Every structure is written in C-alpha cells, then in structure tokens.
Amino acid sequence: MSTFERLLTGWDGQQVAVRYDTEFATWMFIGVHSTCDGRSGGGTRMAVYSAPEDGLADALKLSAAMTRKMAVCNVSMGGGKAVLAVPSLPTGEARVELLHRYGEFIGSLSGLYATAPDMNTSERDMDTIGERTEHVFCKSVEKGGSGSTAPDTAVGVFHGIRASVEHALGRDLDGVRVLVQGLGAVGSRLAHQLSAAGAEVLVSDVNAERVAASGLPAVDPAAVIGTECDVYAPCALGGTITATTVEQLRCRVVAGAANNQLASPDLADRLHERGILYAPDYVINSGGVLHGTGLELLGWDQPRLDQALRGLGDTLLELYADNGRSPVHAAEALVARRRAR
Ligand SMILES: NC(=O)c1ccc[n+]([C@@H]2O[C@H](COP(=O)([O-])OP(=O)(O)OC[C@H]3O[C@@H](n4cnc5c(N)ncnc54)[C@H](O)[C@@H]3O)[C@@H](O)[C@H]2O)c1
C-alpha cells in the first residue's frame with residue numbers, strides 16, 4: 001500500500017483539499033475531519049517536513065483532534081487542520097505572498113474550513129491571510145480579531161493541572177513538583193502561573209535562552225522523561241509518550257498543552273495500568289478553542305471566557321470519576337454523545 005493510500009484509508013475524516021505552490025515549493029493540506037452546520041475549524045501549522053506525506057499525516061491526525069476539541073467545547077463547528085509544508089520558514093515579502101495564496105485557497109472552499117494560528121503561525125499571519133479570505137479566527141485585536149490563543153490555552157491547562165492534582169494526589173498545587181517541557185507561548189505562561197500558585201516548577205526547552213529567561217530550575221531536554229516529578233506537562237511537541245517512554249516516566253500525572261501527546265492511542269491504557277493519571281490532551285488544551293469561538297462566534301466577554309476555562313478543570317474531574325480505566329474512555333464517550341447531538 002502506498003503512503004498516500006495508508007494515510008487516507010486509515011483516516012475517518014470527511015475530505016482533504018491539497019494544493020502545491022510551485023513558486024514557493026510548498027504543499028498546502030487542509031484536512032476537513034468533520035463539519036457541523038457545514039463548517040470546520042482549526043489552526044494552520046507551518047513546518048519543514050522531510051517528506052510532504054509527513055505534512056499530510058499531521059493535517060489528518062490534528063484535524064481529528066480538533067473534532068474532539070470542538071465537541072468538548074460544545075461548539076457548532078467540526079474539526080479541521082491545515083499544514084503548510086514549506087522548504088524553509090519564509091519571512092518578509094515571501095511570507096506575505098505565500099499567506100495570500102494560502103488565503104485564496106481557503107477562500108475557494110467557501111467557508112468549509114476556517115483557520116487560526118498554530119505552530120509557526122501567529123495572529124499577524126492571520127491578519128495577512130485575512131486580506132484574502134474572511135474565514136479566519138484570531139486575527140490581531142487591531143484587525144478585529146481576538147488575538148493569540150496561547151494565554152487562554154495556558155490558563156485552561158493550569159486549571160486542568162490543578163484539577164488533576166486534586167484528583168490524583170488529593171491536594172492543591174502548593175509544593176507540587178511540575179515539570180513543564182517547552183517554554184513557548186503556552187509553556188512559559190503556564191510555568192509562571194504554576195509557580196505563582198506555589199508549585200515547585202522545573203522547566204526544559206531546547207532553546208537555552210528561553211530557559212534562562214524563565215529564571216526557573218532547568219532539566220536537560222534529554223532527561224525530561226526520567227525526571228521524578230508529580231506532574232509532567234508536555235508543552236512542546238506531540239508524541240513524547242511512546243511505548244518506550246511510557247515505562248520510563250516517574251510522575252503521577254501527565255497533563256499539558258501539546259497536541260497528540262500519545263504516540264498511539266493504546267498508551268492511555270498503559271499509563272492507567274502504571275497508576276499515572278492522564279489528562280486527555282484535547283480536553284485540557286482546548287482553551288484556545290474556547291478563546292477563538294467564545295469571543296468571535298458566541299459573543300462572550302472575558303469573564304464568561306474565564307468561567308469556561310475554569311470549567312475545563314470541572315470537565316476533567318467528571319472524566320476522572322470512573323477510576324477503573326483511563327479517562328480517555330470517558331472523554332471519547334463525551335465526544336461521541338456531543339457529536340451525536
Ligand atoms: N498555542 C495554543 O493556543 C495551543 C493550543 C492547543 C495546543 N497547543 C500545543 O501546545 C504546544 C505548545 O504550543 P506553543 O504555542 O507554546 O508552541 P511554541 O512553538 O510557542 O513553543 C514550543 C516550545 O517547545 C520548545 N521545544 C521544542 N522541542 C523541544 C524539546 N524536545 N524539548 C523541550 N522543548 C522543546 C521550543 O523551543 C518552544 O520553546 C504545541 O504542541 C501546540 O500544538 C497550543
């Protein structure tokens with residue numbers, strides 16, 4: 001079976017739109033995993049891949065996670081995700097031109113997919129895309145959007161960690177040791193919020209400047225998995241929990257912002273067998289969806305959004321009620337119920 005066949009036959013989504021831009025040697029993949037009221041939504045990831053099919057694989061997998069997030073957030077949209085597989089990250093005029101072309105591609109889908117920021121795309125990039133299509137969330141506030149999702153994603157993860165610690169350890173965050181992996185837009189904010197709440201925060205990033213700027217004790221990136229802590233918070237890349245690393249973890253809770261933290265779904269059960277509480281990623285990191293859809297679609301103000309972000313902790317506690325198996329099963333059941341409705 002070709003990679004193309006394997007990827008598409010192994011995906012339960014609705015459709016994929018593909019464009020290749022010759023001048024920029026860039027593949028554009030838009031994965032529409034599901035629609036609700038005819039729409040799907042999710043971010044655009046810009047990255048260098050060793051092969052275009054790796055970009056397609058990312059778009060497909062991430063779009064499925066977006067469907068789950070939309071359901072968790074009870075939003076009338078399905079999940080979508082886009083990937084711009086670039087030969088190198090463009091800057092200046094070239095970036096603007098590429099994003100304009102990409103905006104026209106989104107526009108050609110007539111609202112089937114609406115985009116937002118993701119890895120290597122910012123609210124400024126959304127402003128640029130927005131010069132070619134209206135189907136864009138999280139443009140800058142000056143351009144009429146709701147701005148970056150990262151601060152509210154961090155707040156949602158903070159509430160999720162607090163709830164997870166309450167369930168697994170029966171205590172508040174004071175003195176709890178949390179290892180935050182990845183000090184980007186989400187992880188850096190999260191680390192400081194946890195620290196302010198009294199947690200003992202350890203940080204790790206491949207970018208030494210970010211570690212130094214945090215002023216927090218550092219863990220070597222290669223040593224993160226085996227480091228003893230109460231909570232491991234993956235906030236860098238997905239897929240850090242593999243069949244190998246799941247056996248090496250020395251924590252009681254896995255709860256962080258990264259998408260697709262488990263390299264394969266069965267690892268949720270292995271975490272449970274090992275007595276490690278896993279906060280399903282698409283629940284704990286859905287604060288960004290609440291931010292974009294709450295402020296731009298549902299007319300929420302910040303207090304209403306803050307309430308919804310706190311609610312992510314309550315949702316997790318409900319999922320944890322069944323102690324007999326991984327919370328992923330309860331999360332999948334919640335998604336199925338909401339999608340059926
Ligand atoms: N930004 C959001 O609103 C949002 C929403 C949901 C999920 N997420 C996910 O959360 C994660 C973090 O998002 P972000 O916006 O902060 O991304 P970011 O790109 O701003 O930050 C990622 C950080 O991880 C670091 N990193 C990369 N590889 C690493 C490694 N091996 N070890 C340690 N650090 C490493 C990078 O140097 C960078 O500082 C991503 O997986 C993203 O998909 C983000």
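If you're wondering where the values come from, they're calculated on a predicted model, not measured in any experiment. Every number for a ligand or one of its atoms is a count from 1 in the order of the listing.
Distances below 4.0 Å separate heavy atoms of K69 from the following atoms of ligand 1: 6 (C). Applying the 4.0 Å criterion to heavy atoms of A257 picks out, from ligand 1, the atoms 7 (C), 8 (N), 9 (C), 10 (O). In the vicinity of A258, heavy-atom distances shorter than 4.0 Å reach the ligand 1 atoms 9 (C), 10 (O), 11 (C), 41 (O). Atoms of ligand 1 found under 4.0 Å from any heavy atom of G184 (numbered from 1 in listed order, with element): 16 (O), 18 (P), 20 (O), 21 (O), 23 (C), 39 (O). Which parts of ligand 1 touch R45 is read off a 4.0 Å heavy-atom cut-off, strictly below it: atoms 43 (O). Near R210, the atoms of ligand 1 lying under 4.0 angstrom from a non-hydrogen atom of the residue are 38 (C), 39 (O).
Sorted pairs that involve residues 309-319 and meet side-chain hydrogen bond (donor to acceptor under 3.5 Å, both in side chains), not counting sequence neighbours, are lacking altogether.
The shortest N or O to N or O distance between D118 and ligand 1 is not under 3.5 Å. Backbone and side-chain nitrogen or oxygen atoms of A185 are examined, and one is located within less than 3.5 angstrom of a nitrogen or oxygen of ligand 1.
Among protein heavy atoms, the minimum distance from atom 19 (O) of ligand 1 is reached at M119 CG, 4.5 Å. The closest protein non-hydrogen atom to atom 16 (O) of ligand 1 is V186 N, 2.8 Å. Of the protein's heavy atoms, N259 ND2, 3.1 Å lies nearest to atom 43 (O) of ligand 1. Nearest protein heavy-atom neighbour of atom 37 (O) of ligand 1: D205 OD1, 2.6 Å. Closest to atom 12 (C) of ligand 1 among all protein heavy atoms lies C235 O, 3.2 Å. The protein heavy-atom contact nearest to atom 40 (C) of ligand 1 is A236 O, 3.1 Å.
Using cut-offs of 30° and 60° on the angle between ring planes, the pair W11 and H33 is perpendicular.
Applying the salt bridge (Lys or Arg N to Asp or Glu O under 4.0 Å) criterion to E209, with sequence neighbours excluded, gives no partner residue.
Checking D220, V206, V289, I284 against atom 31 (N) of ligand 1, the nearest heavy atom belongs to V206.
In this structure, G238 does not count as a contact residue of ligand 1, since none of its heavy atoms falls inside 4.0 Å of the ligand.
With salt bridges taken as basic N to acidic carboxylate O contacts below 4.0 Å, one links D118 and K81. For the pair E142 and R124, the salt-bridge criterion is met [side-chain N within less than 4.0 Å of a carboxylate O].
Side-chain contact between V203 and V219 is absent, with no heavy-atom pair separated by less than 4.5 Å.
No donor-acceptor pair closer than 3.5 Å links the side chain of Q181 to the backbone N or O of V224.
Contact annotation: for L183 versus ligand 1, heavy atoms closer than 4.0 Å belong to the backbone alone.
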